[in-house]
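Below is one structure, written out as structure tokens, with a few remarks after it.
In what follows, every chain begins at residue 1, and chains take the letters A, B, ... in the order their sequences are listed.
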Amino acid sequence: MITRMSSLFLRTLREDPADAEVPSHKLLVRAGYVRRVAPGGYSWLPLGLRVLRRIEDIVRDEMNGIGAQEIQFPALLPREPYEATGRWTEYGDSLFRLKDRKGLDYLLGPTHEELFALTAKSELSSYKDYPVILYQIQTKYRDEARPRAGILRGREFLMKDSYSFDLSDEGLERSYQLHRDAYVRIFDRLGLKYVIVKATSGAMGGSASEEFLAEAPTGEDTYVRSTESGFAANVEAVVTPAPPAQSTEDKPAAQAHPTPDTPTIETLVAFLNDSSLNTKADLGRTFTAADTLKNVLLKVRRPGDEEWQLLAVGLPGDREVDQKRLEASLEPAEVAMLEEADFAANPFLVKGYIGPKALQDNGVRYLVDPRVVTGTAWVTGADKVDHHVVDLVCGRDFTPDGTIEAAEVREGDPSPDGKGTLVAARGIEIGHVFQLGRKYADAFELDALDENSKLVRITMGSYGVGVSRLVAVIAEQSHDEHGLVWPREVAPFDVTVVIAGKSDEQIAAAEKIADELDSAGVRVLLDDRKASPGVKFADAELVGVPTILVVGRGLANGVVEVKDRRSGEREEIAVDGVVGHLTALVRG
RNA sequence: CGGGGUGUGGCGCAGCUUGGUAGCGCACUCGCUUUGGGAGCGAGGGGCCGCAGGUUCAAAUCCUGUCACCCCGACCA
């Protein structure tokens, strides 16, 4: 079927929509691929749906390729399975909940771990049934606090989610690797620039976890990568390389000094370096914030506990606490900063002058940044107003209870793999693979009988691809000032045929070429509208089909023009040979 | 949830300060001309100015309330 512009359900817009900020959002709306119908909800118009379906097909192809089997659950789900795993409450406000006419609770699925686990339980019972991988391509619902950027972050979106079921940890490892490899093939076929970063496994539990992030300056996720190696990681997952331990023998003795009005690192450093003020002891050295040890007081609460516990985190004074890293390190416990009331209840905590001594004397758990190793000397609080200790040596004068990844990661920090330094970059999450382990299998008692007739608890993996998001991500990575530029693998059509004139000969020639291309299996969009050539050229470029064939004034000389959308290069081709030329081009 | 902003034909906007019954561009319809880079001229169709109160002879405009949406952040993956 030749698609004709004259009857295609398409209206392009000359101006950007007022609510769009990012390029993909502007272009997908302008080029008539999608239309907004609600906050975070978009309808797919014919062009957009074609691209979406092509991406789906690629995902499906690669999933089937690793032996995964497609099924489909309802999006509308009963409460009970989610109650069993605790996610009915844990998922919080992001869960779309609703009631039926009888008042029973339902939800719109945000992910389907529960249903997959239950289905495996009801259908499979022998070790001979395993391993198995199931997947679906389903509309997901999440009541995002703030949907944004068009279809990049909606409240309704299309996701491929698959789940592996294995009898052993080794099996899970294999299933994980299969998915990881399949994802690499999917994203390569889509022509994306992306990185695979180590991720924290988050609230879902489990161990190994990696995210696929498409590189995009408009991305919401910040990650770091090494300037010299392939290392890339989510900021939350960066492990700080610890410097080698030093001798504690050759360090000067710790000394307390009066340091009036120095409750902050900034005031402290200024005071230490201002010899005119340092009446008691001119230390004859210059200090930086990195020489100070800042002790941040927090309270943590383990799930199920009523009581909060004090926790002190010691880190170099030139670094701030990164809330996300801190929380990821303490997961699943809750964390909060200390309030005035907490300080009042613990008088040994002298705000602005807290040191390791008081913490450890009073049994406060004390974790330090990995840079605080044995033999390093610090300026830190002396647990007395207006006093600090200089040359307090780790391993000699205090011994932390352990280390914690809580300090901010900065550009220029050494890469954890020892090669190069870190730089920050932005990305959009397009895929996530992780080993769930037995959390869901435990919740539903998902077991199989092994060769010895013994019950084995199944272990699961969960793997997601944001299918609808990929449409926007590709647009985000592949466009120019004229419009979209689709990679051939996902383009809504192979060729746009533009009739750049109105003569009967031109029309007839274009129709004939379109017809022959169609017969050859090339997907043709024929611009047969009675619009001016300028309008047609502009729309052809906006819509972004990879090859544009112009039938126009050259026809008198027996040639037509083939233009490559991405490079802008044009070449004249004899009319007789153009079908063969394009067919070869399209088949690559 | 905190901060900022906006609601006026399908889309993008002006008008609001200083009340007088709605306008511009794009798109759409018709006619004539035009046809290789978003054509020209002419004639049209389409808007209870987010909603509800209030002030006034008169409200898109002033006052009060309310709702919605967008952007930044927090949250979420």
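Salt-bridge formation is detected for the pair A:E62/A:R189: a Lys NZ or Arg NE/NH1/NH2 atom is positioned less than 4.0 Å from an Asp or Glu carboxylate oxygen. A salt bridge is defined here as a Lys NZ or Arg NE, NH1 or NH2 lying under 4.0 Å from an Asp or Glu carboxylate O, and A:E173 with A:R180 fails to meet this definition. Between A:E215 and A:K193 there is no salt bridge, since no side-chain N of the basic residue sits under 4.0 Å from a carboxylate O of the acidic one. Salt bridge status for A:D480 with A:R566: absent, with no side-chain N to carboxylate O gap under 4.0 Å. Using a cutoff of 4.0 Å between basic side-chain nitrogens and carboxylate oxygens, A:K294 and A:E320 are scored as salt-bridged.
Under the Watson-Crick or G-U wobble criterion, with both distances below 3.5 Å, B:U29 is paired with B:A43. With a cut-off of 3.5 Å on both pairing distances, the Watson-Crick or G-U wobble partner of B:U66 is B:G50. The partner of B:A59, taking Watson-Crick or G-U wobble pairs whose two distances both stay under 3.5 Å, does not exist in any strand shown.
Here B:C26 presents its P atom at 17 Å from CG of A:D16, a figure rounded to the nearest Å. One atom, OH of A:Y463, and another, C1' of B:A77, lie 18 Å apart when rounded to the nearest Å. Put simply, CG on A:L27 is 19 Å from P on B:C11, counting in whole angstrom units. For the pair A:E15 CD and B:C24 P, the computed distance is 16 Å after rounding to whole Å. Atom CZ of A:F9 and atom C1' of B:G10 are 12 Å apart (whole Å). One atom, CD of A:E144, and another, P of B:C72, lie 14 Å apart when rounded to the nearest Å.
Relative to the six-membered ring of A:W88, A:R97 meets both conditions, a distance below 6.0 Å and an angle of at most 45° to the axis.
Atom CZ of A:R50 has more than 12 heavy atoms from other residues, nucleotides or ligands within 6.0 Å. Applying the 6.0 Å contact sphere to CD of A:Q72 captures more than 12 heavy atoms from other residues, nucleotides or ligands.
Listed here is the closest heavy atom pair of A:L213 and A:G427: CB-CA, 4.4 Å.
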Distances under 3.5 Å between protein N/O atoms and the N/O atoms of nucleotides 68-71 of chain B, please, pair by pair.
{"residue": "B:C69", "atom": "O3'", "partner": "A:R36", "partner atom": "NH1", "Å": "3.3"}
{"residue": "B:C70", "atom": "OP1", "partner": "A:R36", "partner atom": "NH1", "Å": "3.2"}

Where protein sits on nucleotides 33-40 of chain B, one letter per nucleotide: B base, S sugar-phosphate only, - none, heavy atoms under 4.0 Å: --BBBBS-
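Distance from the side chain of A:R11 is smallest to B:C28 among B:C76, B:A77, B:C28.
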